[in-house]
Amino acid sequence: MDIDKNLMDEESLKKIKEIDNKKVEKIVEEYVKLCKPKKVTVLTDSKEDIEYIRKLSLDNKEESKLAMEAHTIHFDGYYDQARDPKNTQILLPKGKTISKSINSMDRDEGLNEIHGLMDGIMKDKEMLVCFFCLGPLNSKFSIPALQLTDSALVAHSENLLYRQGYGEFKRINGSEDFFYFVHSAGELDQRMNCKNLDKRRIYMDLEENRVLTINNQYAGNSVGLKKLALRLAISKANKEDWLCEHMFIMGVHPPGKERVTYFTGAFPSACGKTSTAMILGQTIIGDDIAYIRPGEDGQAYAVNVEQGIFGIIEDVNAEDDPVIYKTLTTPRELIFSNVLVKDRKPYWTGMGQEVPEEGENHYGSWKKGDKDKDGKEISGSHKNSRYTIRISELENADEKTDDPEGVPVSGFIYGGRDSDTSVPVLQSLSWSHGVYTGAAIESETTAATIGEQGVRKHNPMSNIEFLTIPLGVYIENHLKFGESLDKCPLVFATNYFLKENGEFLNSKLDKKIWLLWMDCRVHNEFEAIETPVGFIPKYEDLKELFKAIFDKEYSKEEYEKQFSIRISNYLDKLKRIEKIYQGEEAPDMFHKHIGQERKRLIKLKERSGKDTVSPFELE
Ligand code: SPV
Ligand code: MN
């Protein structure tokens, strides 16, 4: 290999040679030359190498130890706390675009710009060469991935979040079919945070199956295998006729019944996705990204691309999320990011305990009332503060988490954050109506993305921020996928955020009831009420579930408020959706569903003479 002996020692050279992959060697050579690190270290799947990264992140102060054994804290910079859509671009051949809501730029220009910025970017730093596998090892679902980074935190996070892939690279025997990611945090300040945020860039090169990302540390921008790989995989899935989704995978275990029913669920970031996958009594396979393929038996099968959770910590407490809370408060390898730290203990908003009024946080040394340079009050823990753990650490990990065949999916769930329109749970009328329902999801924006919060935005399948193919093609692929199956998953839509007079109409725990209702629908054990927007639960069934699960008397009044059809609000939503899809070349089927749903809503309005129709009137 054409690499200076002073940069890469014998051992690293041997490790890379053993993979025997010319493309890997070429990539490493190219980016060593460009980024000019002081040292290059190649990591394998061995315990020693995993330990090396863990220690390096502490030694170079990207992480610090907390009081509890194996717990560490990392702070991203104050302005580096979320995904950065503005500086995220898909590189495309000249003159090409994807969809109006998807940022793209000319590939040659983008590569020139970012390669210019990368020249010497790893000066005085160590380049880490890491190998991972997106999806279970030795599985037709999976994609090998090579990561080059100068951040031990990124490598450590990936060791927790992804399956080790050095062995997988050997297995693929020189194949060039893998993704690669080059990351540099760039120049760092005393707190080990990026200095040059104005030069933060995240560029996806679909042609090369690579992502180049610089001057950032927040995982959504820096960790190649997470949202950067999701974007590449959406493009790959499009070419190969499978689905790559921003979805959790979980097993639902109805009490007293000997069965498990697998569901996948797409929710916008910070809208209850992880907490759904973690509902008590159920099992989790993954909480963020799924590859889904048709199986030989005509069912859909899904695998978790990851093996860990990078979860939002706000409001995780012993009552609402007991399993996660216990996991976060007992010794195990765990990275906290952007929480408040006092006396080496982590604190976050909504943890069910008093949070100190001073300490160290993403801002630095902090006390309550401190304001930033724009006069905005700084919170103790950041709204998007997170934890990073391995799923195998959880007591509710599903036994099939690493099954190379995946699990059969009986239901797709689409969630949104909607305060005034959608009912808490419904089942779509058919697969294609379900595709329409998922594609019409709107959600109020959250702290997981830089920008204003609480603004209603269209977020089809909760995947809009990651699409690398035209929206219309993406929807068409879903329709085709269902058509290719003998047994389509049922499609459900949930909304945990419906409000009346500013108050939530549901408790956080109610989502368990909705899940168990879905399970009974899959197994034909419950009937449902057909409404213009889909099938909704019958009062008696929910009453029985609330009683059996929470020993709660679920009243008719609660049910009526939650499941009334708010016709004008639904009609307004249809107008917004129609506008969004203008010029998107969505399949005819999609527009047909908009038209049919509108007709059904107007008919109901005329028939009932009301704008809000009680579910009891629909039975
Ligand atoms: C999300 O925001 O959807 C996440 C975290 O899963 S990250 O994409 O890494 O920002
Ligand atoms: Mn996510």
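Reckoned from all heavy atoms, side chains included, excluding hydrogens, waters and symmetry mates. Whatever order the structure lists them in is the order used to number ligands and atoms, beginning at 1.
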Hey, is Glu187 close enough to Lys199 for a salt bridge, meaning N to O under 4.0 Å? no
Salt bridge between Glu442 and Arg417, side-chain N to carboxylate O under 4.0 Å? no
Output, or 'none' if empty, a list of ligand 1-protein atom pairs in which both atoms are N or O and the distance is under 3.5 Å, rounded to 0.1 Å.
unit_1   : atom_1 : unit_2 : atom_2 : d
ligand 1 : 2 (O)  : Arg83  : NH2    : 2.7
ligand 1 : 2 (O)  : Ser269 : OG     : 2.8
ligand 1 : 2 (O)  : Arg386 : NH2    : 3.4
ligand 1 : 3 (O)  : Arg83  : NH2    : 3.4
ligand 1 : 3 (O)  : Lys227 : NZ     : 3.1
ligand 1 : 3 (O)  : His246 : NE2    : 3.3
ligand 1 : 3 (O)  : Ser269 : OG     : 2.5
ligand 1 : 6 (O)  : Lys227 : NZ     : 2.7
ligand 1 : 6 (O)  : Asp288 : OD1    : 3.3
ligand 1 : 6 (O)  : Asp288 : OD2    : 3.1
ligand 1 : 8 (O)  : Arg83  : NE     : 3.0
ligand 1 : 8 (O)  : Lys227 : NZ     : 2.8
ligand 1 : 9 (O)  : Gly220 : N      : 3.4
ligand 1 : 10 (O) : Arg83  : NE     : 3.3
ligand 1 : 10 (O) : Tyr218 : OH     : 2.6

Looking at Asp402 and Arg163, does any basic side-chain N land under 4.0 Å from a carboxylate oxygen? yes
Show all protein N/O/S atoms under 2.8 Å from the Mn ion (ligand 2), or state that there are none. Lys227 NZ, His246 NE2, Asp288 OD1
Salt bridge or not for Lys226 and Asp288, using N-O below 4.0 Å? yes
List the residues meeting salt bridge (charged side-chain N to carboxylate O under 4.0 Å, His left out) with Glu476, not counting sequence neighbours, and say none if there are none. none
Tyr162 and Gln147: side chain donor to acceptor below 3.5 Å: no
Asp76 versus Asn338, side-chain donor and acceptor atoms under 3.5 Å: yes
State plainly whether the residues Glu314 and Lys383 are in salt-bridge range, i.e. N to O under 4.0 Å. yes
For Asp372, side chain to side chain donor-acceptor pair (under 3.5 Å) partners two or more places apart: Tyr78
